[in-house]
2 protein chains.
Amino acid sequence: MRDENFCNSNCPFTRAIGTIGNKWKPIIINVMGTRTIRFGQLDAIIPNISRKVLTEQLKELEEDGLLERIAYKELPPRVDYKLSEKGLAFLPILEAIKKWQGKFEKIETVNSN
Amino acid sequence: MRDENFCNSNCPFTRAIGTIGNKWKPIIINVMGTRTIRFGQLDAIIPNISRKVLTEQLKELEEDGLLERIAYKELPPRVDYKLSEKGLAFLPILEAIKKWQGKFEKIETVNSN
DNA sequence: TATTCTGGTTACTATTGGGTAACTACTAAT
DNA sequence: ATTAGTAGTTACCCAATAGTAACCAGAATA
């Protein structure tokens, strides 16, 4: 969940960390990328996330304007998610994190599975 | 604390999030910046962090190679912290987050305190 | 002699995060 | 009549996180 103190901070950077500074949100944003994706797909692709937590995180990301939720009035239900302009603008930051990680984590990767 | 599953993931991005994807670490790295800073200063500057948690986070950041801890054999004790090359390389990412936040959070800031 | 200074550590406790399993709605297919 | 399928929600529970307060060393200062 979001940290209320962080989100209400007078410091913009702290507020930003309150918004995206947890373990699941960067993962979710990264998996979504530029595509439109359904709830069930996210649940299947992201390892070890429960539907409960996925629901919570998606709801917060929507509230914070990072993604859009499009629910079709069908049965069985269908819900699409896609990143908003703000969410898309966050993707380059995730790419920078990947580069950073790659640069300083040269060793290993040999016996990883 | 670090998430073991994330840190042992086969996905480098997930490992990166396991390393820096929590609320305190980006804050600490940002406060440190390019300077050398003492434990007590960090404790005083970072709002609402307890010494216990600060100690834990600093220890993990050191283990993950993001910062260096320099303890002087003095009394009363003196310990300096400063970012390593890896930690310094993370600063531009934090700057990008600030820009991103600034771009999409234009409104308000009027009655905030 | 008592206090201050620094960078912690420890024990205890409260709060939160997150996992599991069961359940829902409604239609279509078997 | 039953089952499958989707996107959740709900209740329950356990483990992890973080906060608080007390304590430590050992020299310097009052």
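The sequence lines fix the lettering, A, B, ..., with proteins before strands; numbering per chain opens at 1.
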N/O-N/O pairs, protein side and nucleotides 2-8 of chain D side, under 3.5 Å:
unit_1: dT6(D); atom_1: O3'; unit_2: R38(A); atom_2: NH2; d: 3.0
unit_1: dT6(D); atom_1: O3'; unit_2: P77(A); atom_2: O; d: 2.9
unit_1: dA7(D); atom_1: OP1; unit_2: R38(A); atom_2: NE; d: 2.9
unit_1: dA7(D); atom_1: OP1; unit_2: R38(A); atom_2: NH2; d: 3.0
unit_1: dA7(D); atom_1: OP1; unit_2: V79(A); atom_2: N; d: 3.4
unit_1: dA7(D); atom_1: OP2; unit_2: G40(A); atom_2: N; d: 3.1
unit_1: dG8(D); atom_1: OP1; unit_2: R69(A); atom_2: NH2; d: 2.5
unit_1: dG8(D); atom_1: OP2; unit_2: Y81(A); atom_2: OH; d: 2.8
unit_1: dG8(D); atom_1: N7; unit_2: R51(A); atom_2: NH1; d: 3.2
unit_1: dG8(D); atom_1: O6; unit_2: R51(A); atom_2: NH1; d: 3.3
unit_1: dG8(D); atom_1: O6; unit_2: R51(A); atom_2: NH2; d: 3.2

Report, one pair per line, the protein and nucleotides 16-19 of chain D atoms (nitrogen or oxygen only) whose separation is under 3.5 Å.
unit_1: dA18(D); atom_1: N7; unit_2: K52(B); atom_2: NZ; d: 3.0
unit_1: dG19(D); atom_1: OP2; unit_2: S50(B); atom_2: OG; d: 3.4
unit_1: dG19(D); atom_1: N7; unit_2: K52(B); atom_2: NZ; d: 3.3
unit_1: dG19(D); atom_1: O6; unit_2: K52(B); atom_2: NZ; d: 2.5

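Following rounding to the nearest Å, L54(A) (CG) and dG17(C) (P) show an atom-to-atom distance of 16 Å. Taking atom CD1 on I46(A) and atom P on dG19(C), their separation rounds to 12 Å, with Å as the unit. Atom CD of E74(B) and atom C1' of dG7(C) are 12 Å apart (whole Å).
In this structure, the side-chain contact (heavy atoms from CB on, under 4.5 Å) partners of K98(A), at least two apart in sequence or on a different chain, are N30(A), E95(A), F13(B). With sequence neighbours excluded, the residues satisfying side-chain contact (heavy atoms from CB on, under 4.5 Å) with A96(B) are I93(A). Residues meeting the side-chain contact (heavy atoms from CB on, under 4.5 Å) test with E63(B), sequence neighbours left out: R2(B), K59(B). For the salt bridge (charged side-chain N to carboxylate O under 4.0 Å, His left out) test, residues two or more places apart in sequence or in another chain that qualify with K25(A) are E60(A).
In this structure, Q101(A) and R15(B) have side chains that are in contact, with non-hydrogen atoms separated by less than 4.5 Å.
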Atom pairs and distances, side-chain donor-acceptor, residues 71-82 of chain B, under 3.5 Å, sequence neighbours left out:
unit_1: Y72(B); atom_1: OH; unit_2: D80(B); atom_2: OD2; d: 3.1
unit_1: E74(B); atom_1: OE1; unit_2: R78(B); atom_2: NE; d: 3.4
unit_1: E74(B); atom_1: OE2; unit_2: R78(B); atom_2: NH2; d: 3.3
unit_1: Y81(B); atom_1: OH; unit_2: R69(B); atom_2: NE; d: 3.2

Validation: residues 45-57 of chain B side-chain donor-acceptor distances under 3.5 Å, sequence neighbours left out:
unit_1: S50(B); atom_1: OG; unit_2: V53(B); atom_2: N; d: 3.3
unit_1: T55(B); atom_1: OG1; unit_2: R51(B); atom_2: O; d: 2.7
unit_1: Q57(B); atom_1: OE1; unit_2: N22(B); atom_2: ND2; d: 3.1

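Under the ring pair (Phe, Tyr, Trp, His ring centres under 6.0 Å) criterion, the residue pairs touching residues 22-65 of chain A are W24(A)-F6(B), with sequence neighbours excluded.
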